[in-house]
Protein chains: 2
Amino acid sequence: MPETEVDDLDHAILRLLHEDARRTYADMAERVGLSTAATKRRVDRMRESGVITGFTVQVDHARLGWPVEAFSEIRYAGTASVSEIVDSASRQPEVQAVYTLAGDLDALVQVRVRDLAHLQEVIDRLRRNGTVTGTRTLMVLGRWTRT
Amino acid sequence: MPETEVDDLDHAILRLLHEDARRTYADMAERVGLSTAATKRRVDRMRESGVITGFTVQVDHARLGWPVEAFSEIRYAGTASVSEIVDSASRQPEVQAVYTLAGDLDALVQVRVRDLAHLQEVIDRLRRNGTVTGTRTLMVLGRWTRT
DNA sequence: CGTGAAAACCCCTGGCA
DNA sequence: TGCCAGGGGTTTTCACG
């Protein structure tokens, strides 16, 4: 774990990449007031140090036939370990993310499905799996995400 | 809403971009068995049609000094509209995402903060804001995200 | 919708302040 | 750390099947 020094220029570059990860180094360089070589070197360094973990595409899942999104709060039996919780949930292909929690809830699972019947099927699979003792599902009606 | 026709080749390209959004068209073309021109045209078309909504960088927030992540479940007074709910929450810079929900909960708010004192401050701000009638906060201990 | 080729642009490395 | 400069690769557009 090297000491991660991230200055204002790095933050500016990260903000530009957050808006559009396919921006060219030349474009970013002009906006932050550096040369393209210096900009690339900073991006490479942030990748190397682990500040940047990757670049990804954002898709409109509804247009790909997966319009229904939900969160499932899950309680597990006291014997379940964290890795078992994550493993059993992440095995389901509809599960997008698993958050393990402090408190009486053990996990918050984000799922993406084709329709309500499909949602019920996924929840049933989650409940059967491992040592689940209870679930509560929150259906997402709308979402807002920063920039 | 144009009819969105996404075939297997498009899905293959999306998967490659999901793994690394900064891949070159030449690289993707070779992997899916198309020319670079055809590959670029498909990506352009998916951007145009709204299937692709953007490209973004993934960062390790902990290394940027924001190691604490939490979800806040929020109930609003019956007079609050959905847009008011989203507006009041998204105004907080620490709020990463707002999900509006069906059921007795009105919203699930994802926040990212520097420490626990900071978390308490954000929750206080959320509670004061608008017509919040109740909150419950889930602290994230760990997260798993697909690929 | 696909290819292939040409020009423009960008990446990337090396050398130096 | 930063800039400049060059050769090589990529992007982008075009005409065409």
Side-chain angles (χ1 to χ4, degrees), chain A residues 1-67 114 145-147, chain B residues 1-67 114 147:
Chain A
M1 253 77 66
E3 186 44 43
T4 306
E5 202 61 50
V6 180
D7 63 18
D8 292 347
L9 247 30
D10 289 328
H11 276 107
I13 291 169
L14 285 176
R15 191 155 29 79
L16 291 171
L17 285 173
H18 188 80
E19 290 171 9
D20 179 5
R22 281 187 77 84
R23 245 184 245 276
T24 65
Y25 294 117
D27 179 42
M28 293 185 276
E30 190 183 6
R31 289 171 196 268
V32 303
L34 285 180
S35 69
T36 70
T39 304
K40 172 177 165 26
R41 198 145 65 198
R42 280 171 178 269
V43 173
D44 287 344
R45 190 168 53 76
M46 287 192 282
R47 288 193 63 142
E48 188 63 30
S49 70
V51 170
I52 291 176
T53 58
F55 301 94
T56 194
V57 63
Q58 297 166 305
V59 302
D60 184 342
H61 292 93
R63 301 213 184 208
L64 294 178
W66 297 67
R114 283 187 294 270
T145 308
R146 185 161 297 284
T147 36
Chain B
M1 251 79 65
E3 188 42 42
T4 307
E5 202 62 49
V6 180
D7 64 17
D8 290 350
L9 247 31
D10 288 330
H11 276 106
I13 291 170
L14 284 177
R15 193 158 31 78
L16 291 171
L17 284 173
H18 188 81
E19 290 171 12
D20 179 6
R22 283 186 74 84
R23 247 185 244 277
T24 66
Y25 293 117
D27 179 43
M28 293 184 277
E30 188 183 6
R31 289 172 196 267
V32 303
L34 285 180
S35 68
T36 70
T39 304
K40 172 177 165 25
R41 195 146 70 195
R42 280 171 177 268
V43 173
D44 287 345
R45 192 169 53 74
M46 287 192 282
R47 288 194 62 147
E48 189 64 31
S49 71
V51 170
I52 291 176
T53 59
F55 301 95
T56 195
V57 62
Q58 297 166 305
V59 302
D60 184 342
H61 292 92
R63 301 212 185 208
L64 294 178
W66 296 68
R114 283 186 294 270
T147 30

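Numbered from 1 within each chain, the chains take letters A, B, ... in sequence-line order.
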Rounded distance (Å) that lies between atom [atom2] of [N] and atom [atom1] of [X]:
X: B:Asp44; N: C:dC1; atom1: CG; atom2: P; answer: 13 Å
X: A:Arg22; N: D:dT10; atom1: CZ; atom2: P; answer: 13 Å
X: B:Asp10; N: C:dG2; atom1: CG; atom2: P; answer: 9 Å

For this session: Determine the contact category for A:Arg23: base if any of its heavy atoms lies under 4.0 Å from a base atom, sugar-phosphate if only primed atoms, P, OP1 or OP2 are that close, otherwise nothing.
Result: nothing
For this session: Pick base, sugar-phosphate or nothing for A:Ala37, based on heavy-atom distances below 4.0 Å to the nucleic acid.
Result: base
Exercise. Does OP1 or OP2 of D:dT11 have a side-chain N or O of B:Lys40 closer than 4.0 Å?
Worked result: no
Exercise. Looking at B:Arg42, does any N or O in its side chain come under 4.0 Å of the phosphate oxygens OP1/OP2 on C:dG2?
Worked result: yes
For this session: Would you mind telling me which residue lines up with the more 5' stretch of DNA chain D, B:Thr24 or A:Thr39, judged by nearest nucleotide?
Result: A:Thr39
Report the nucleotide, chosen from [options], that has the shortest atom-to-atom distance to any side-chain atom of [X].
X: A:Ala26; options: D:dG2, C:dC11, D:dT12; value: C:dC11
X: B:Tyr25; options: D:dT11, C:dC12, C:dT3; value: D:dT11
X: A:Arg41; options: C:dG2, D:dT12, D:dC3; value: D:dC3
X: B:Ser35; options: C:dT3, D:dG2, D:dT12; value: C:dT3
X: A:Ala38; options: C:dT3, C:dC10, D:dC3; value: D:dC3
X: B:Leu9; options: D:dC3, C:dG2, D:dT11; value: C:dG2
X: A:Arg45; options: C:dC12, D:dT1, C:dC10; value: D:dT1

For this session: Give a yes/no verdict on a cation-pi contact between A:Arg22 and B:Tyr25, requiring under 6.0 Å between NZ or CZ and the six-membered ring centre and an angle within 45° of the axis.
Result: yes
Seminar exercise, completed: dist B:Leu17:CG -> B:Arg23:CZ (nearest 0.5 Å) comes out at 8.0 Å
Exercise. Which distance, rounded to the nearest 0.5 Å, do you find between the NE2 of A:His18 and the CD1 of A:Ile13?
Worked result: 15.5 Å
Problem set entry | Check: B:Arg63 side chain, A:Ser49 main-chain N or O, donor-acceptor pair, under 3.5 Å | yes
Exercise. Under a 4.0 Å N-O cut-off, is there an ion pair linking A:Arg42 with A:Asp7?
Worked result: yes
